[in-house]
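Okay, structure first, notes after.
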Amino acid sequence: MRATQLLLRTIRDEPSEAETASHRLMLRAGMMTQVAAGVYSYLPLALRSIRKIERIIREEMNAAGGQELLMPALQPIEAWRQTGRDAAFGANLFRLTDRRDRGMALAPTHEEVVTAIAGAHVESYRDLPLTLYQIQTKFRDEPRPRAGLLRGREFSMKDAYSFDAGPEGLDATYQRMRTAYRNIFRRCGLPTIEVEADSGAIGGKDSHEFIMPAQSGEDVILLCEESGYAANVERAASIIPPAPEGDPLPMTLADTPGVTTIAGLADFLGVPQSQTLKAVFYQADGETALVTIRGDVEVNEIKLKNYLGCSDLRLANAEEAAAAGLTPGSTSPVGLDGVRRIADNSILQGANFAAGANQPGKHYVNVNYPRDFQVDETADVATAREGDGSPDGKGVLKAARGIEVGHVFKLGTFFTETLGVQYLDEHGERRPVVMGCYGIGVTRVLAAAIEQNHDEKGVIFPAPIAPFPVHLIALNASDPQVREAADALHEELESAGYETLYDDRGESAGVKFNDADLLGLPVRIVVSPRNLKQGVVEIKRRRESDATLAPAGAVTSAVADALAKDEL
RNA sequence: CGGGGAGUGGCGCAGUCCGGCAGCGCGCUACGUUCGGGACGUAGAGGCCCCGGGUUCAAAUCCCGGCUCCCCGACCA
């Protein structure tokens, strides 16, 4: 492909709206343009890369037994009402009305439609297992799209759905998908960490996310080198350092003027925050719930939401707290009744805590559970922290940020039961089909790959997903000898199967080199008068700083060698 | 949804406080010179100053209303 024919314009100045590396570089390298918040046009360079990623995904999904199909993005809203996900997605679901005033939605995911397809095809255990997948544009009206392709409102996703006869079959499929995912991300040049993930309120049991470590990522994960434990903070369990122990002392009321925070309370009393208790008020689907937790630990609202099985969870506001008889700044589990009382497991250990007293300017000291207050239930609703112990008791957790590029999920029978998809087993009994779902954000993989592979000059594409593996540069392109040699080399490379971006522009050497560094194609070849005199061309890998010279007759094999190094 | 910032040739920005010819750099076009790390000269093209209303002799600039985009947070099976 000749650069003079390609829809490509690189940008010298940093785009003002972009801060994240991949966003900045994709704009500067002329890979995409913005159309609306979280909505982009993929220009030829980006699309080439996306197609390569898709190809890798297809190969691995097919190898894992998947069959590709394509479902509509435009769907009747009825499908979503049936499963209740109309409400579950809420404002994130793009809604529209057709000319006959019927409600429609732009699909953010495809469980409803694919389950209906499976329902129409699966009659017997002989039809199982079945894995269907598609690569398709998804729509999610995110509250805050950000960082270019990292979180868009329209994006490309590979979504796969498996149908099995029972949990054992699902286990096998699930493992097969995990293996396929590892292959996919490895081939895309993305180191990923597989972490336990939140499986949400809907049914699911096992769920794993594939996280690519990156500071720009939105997910926080907790890892333990010693034990190999890895989990998203949304789900992570941990062993918190113990609170001070001691013989229970009599509970007394203390004056704590102006103290309204845990930090303030600990300072005022001269005790560690781990020797305090806090009480947090929530509204869960309209029900009020009080969560008591050790002062130095934060409530994990996702764990709490899952525990309560509610769809809407938020902190109670001042009026709601007042209505329940609570005093902000001194809320207390002591003497409280009439609301659902939940305690985090963190309160089960330790003694003589300081806690609220439900009176302005006062707190209790030497509060001991269960002597001084009662709860209705205890559970793990704590946010795991860096420095906490790994839940398996081996080693300490470290925190890291990352980008979620894939998610595998055991759905169970929620959709098949809701939509009535059953099969006839060997004994002639009707049973619900068991589902799994498996997603990869295709356009996010591209952005993540650039997050992971760039330097101050530009992108450093992993060879398998580079728009072109080879960047051929003709220096002094108006020189007839250079042009002739470069044209011939271009032909040779293309016919040898190497897609080549041929910079035949009349630009100066500096411009061409800088653009080459910006685009980050894996192998750069320079044809110049200087090289021609010696009968060589220069070959340089983007990942390396030094170039090598190859005889003009042996360029193709030198390119093969250079690319082979990149495959590692 | 809460907080902050910004909309001016394709891109990056100045001008707005204090109303008076719409500017600069890059890019683009043509010609010439140059030619291994963002070359130089000369001559050009390119504008709904986000939109609507108002004030004024006069509005990019002041006033009112709206829209869009970015960042932080909340949110995000």
Side-chain angles (χ1 to χ4, degrees), chain A residues 9-20 23-24 27-30 33-40 80 83-85 87-93 108-112 140-148 150-153 155 159 197-205 207 209 216 218-219 232 234-235 301-302 305-306 309-315 404 407-412 414-415 435-439 441 457-458 473-479 482 503 505-518 524 526-533 537-538 540 545 547 549:
Chain A
R9 174 146 293 143
T10 57
I11 297 170
R12 294 189 185 190
D13 294 308
E14 290 290 348
S16 59
E17 77 267 26
E19 309 216 335
T20 310
H23 188 196
R24 238 173 41 227
L27 291 173
R28 281 198 57 212
T33 57
Q34 184 172 27
V35 174
V39 181
Y40 293 86
W80 293 81
T83 56
R85 296 212 300 170
F89 265 97
N92 264 31
L93 188 66
T109 172
H110 279 73
E111 280 82 358
E112 281 80 0
R140 295 185 187 182
D141 198 357
E142 296 286 349
R144 188 157 97 78
R146 62 174 286 275
L150 282 182
R151 179 170 293 278
R153 296 194 297 167
F155 57 96
D159 45 327
D198 172 46
S199 49
I202 297 179
K205 303 165 209 71
S207 173
E209 287 169 348
S216 54
E218 298 175 285
D219 286 274
N232 194 305
E234 295 176 350
R235 171 185 170 105
E301 295 187 2
I302 292 168
K305 197 172 169 181
N306 290 339
C310 63
S311 60
D312 183 47
L313 180 75
R314 60 175 174 80
L315 283 171
E404 178 191 344
H407 196 163
V408 295
F409 197 116
K410 286 187 185 173
L411 276 176
F414 174 80
F415 289 97
M435 282 180 72
C437 69
Y438 317 89
K457 291 178 174 175
I473 294 179
L475 289 188
N476 209 340
S478 57
D479 180 323
V482 169
D503 192 347
R505 299 175 301 169
E507 296 290 346
S508 70
V511 170
K512 292 190 175 190
F513 286 144
N514 280 302
D515 277 349
D517 288 340
L518 178 59
R524 186 186 84 183
V526 176
V527 175
S528 71
R530 199 172 82 184
N531 292 340
L532 279 182
K533 274 183 202 144
V537 299
E538 177 187 303
K540 178 182 169 298
S545 51
L549 297 174

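Every chain is numbered from 1 and lettered A, B, ... according to where its sequence line falls, protein lines coming before strand lines. Atom set for the values below is all heavy atoms of this structure, side chains included, hydrogens, waters and symmetry mates excluded. Please read these numbers as outputs of a predicted model, since none were measured by experiment.
- Between the side chain of A:R9 and the base of B:C11, no donor-acceptor pair under 3.5 Å is found.
- For A:I473 and B:C35, the CD1 to P distance is 19 Å, given to the nearest whole Å.
- At a threshold of 4.0 angstrom between heavy atoms, the contacts of A:A147 are confined to the sugar-phosphate backbone, with no base atom among them.
- Within the 4.0 angstrom heavy-atom criterion, no nucleotide atom of any strand lies near A:S207.
- Base pairing annotation: B:C49 forms no Watson-Crick or G-U wobble pair, as no partner gives both donor-acceptor distances under 3.5 Å.
- Scored by the side chain to side chain donor-acceptor pair (under 3.5 Å) test, A:Q34 finds no partners at all (sequence neighbours excluded).
- Regarding A:E14, its CD atom lies at a distance of 11 Å from the P atom of B:G12, rounded to whole Å.
- Rounded to whole Å, atom P of B:C76 lies 18 Å from atom CZ of A:R153.
- Comparing B:G36, B:C76, B:C28 by their closest approach to the side chain of A:N92 singles out B:C76.
- Partners of A:R24 under the side chain to side chain donor-acceptor pair (under 3.5 Å) rule, at least two apart in sequence or in another chain, are A:E14.
- Applying the salt bridge (Lys or Arg N to Asp or Glu O under 4.0 Å) criterion to A:E404, with sequence neighbours excluded, gives no partner residue.
- Qualifying salt bridge (Lys or Arg N to Asp or Glu O under 4.0 Å) partners for A:E538, counting only residues two or more places apart in sequence or in other chains: A:R524.
- A search for ring pair (Phe, Tyr, Trp, His ring centres under 6.0 Å) contacts involving A:F89 returns A:W80, not counting sequence neighbours.
- Take A:E218 and apply the side chain to side chain donor-acceptor pair (under 3.5 Å) test, not counting sequence neighbours, and it matches A:R151.
- To the nearest whole angstrom, the two P atoms, one in B:C24 and one in B:A43, are 14 Å apart.
- One interatomic measurement links the two molecules: CD of A:E507 to P of B:C26, which rounds to 14 Å at whole-angstrom precision.
- Under 3.5 Å, the side chain of A:D13 and the base of B:G25 form at least one donor-acceptor pair of N or O atoms.
- The separation between A:R151 atom CZ and B:C70 atom P is 14 Å, rounded to whole Å.
- Note on A:R153 versus A:D141: salt bridge recorded, some NZ/NE/NH1/NH2 to OD/OE distance being below 4.0 Å.
- With rounding to whole Å, A:F89 atom CZ is found 11 Å from B:C76 atom P.
- Spacing between B:C62 and B:G15 at atom P, rounded to whole Å, works out to 12 Å.
- Comparing the C1' positions of B:G23 and B:U61 gives a spacing of 15 Å, expressed to the nearest Å.
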Can you name the atoms? Protein N/O to nucleotides 72-74 of chain B N/O, anything below 3.5 Å, with the distance.
{"from": "B:C72", "atom 1": "OP2", "to": "A:R144", "atom 2": "NH1", "distance (Å)": "3.1"}
{"from": "B:C72", "atom 1": "OP2", "to": "A:R144", "atom 2": "NH2", "distance (Å)": "2.6"}
{"from": "B:G73", "atom 1": "N7", "to": "A:R144", "atom 2": "NE", "distance (Å)": "3.4"}

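- Counting to the nearest Å, the C1' atom of B:C76 and the NZ atom of A:K305 are 9 Å from each other.
- A donor-acceptor contact shorter than 3.5 Å is absent between the side chain of A:N232 and the backbone of A:D198.
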Scoring nucleotides 37-47 of chain B by protein non-hydrogen atoms under 4.0 Å (B base, S sugar-phosphate only, - none) yields BBS--------
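- One C1' atom belongs to B:C71, the other to B:U55, and the distance between them is 35 Å to the nearest Å.
- Phosphate contact (OP1/OP2 of B:U68, side-chain N/O of A:Q34, threshold under 4.0 Å): absent.
- Look at the P atom in both B:A58 and B:G20: the space between them is 14 Å, to the nearest Å.
- Listed by chain and residue number, nothing satisfies the side chain to side chain donor-acceptor pair (under 3.5 Å) test with A:R9 (two or more places apart in sequence, or in another chain).
- Look at CG on A:L27: it is 14 Å from C1' on B:G10, rounded to the nearest Å.
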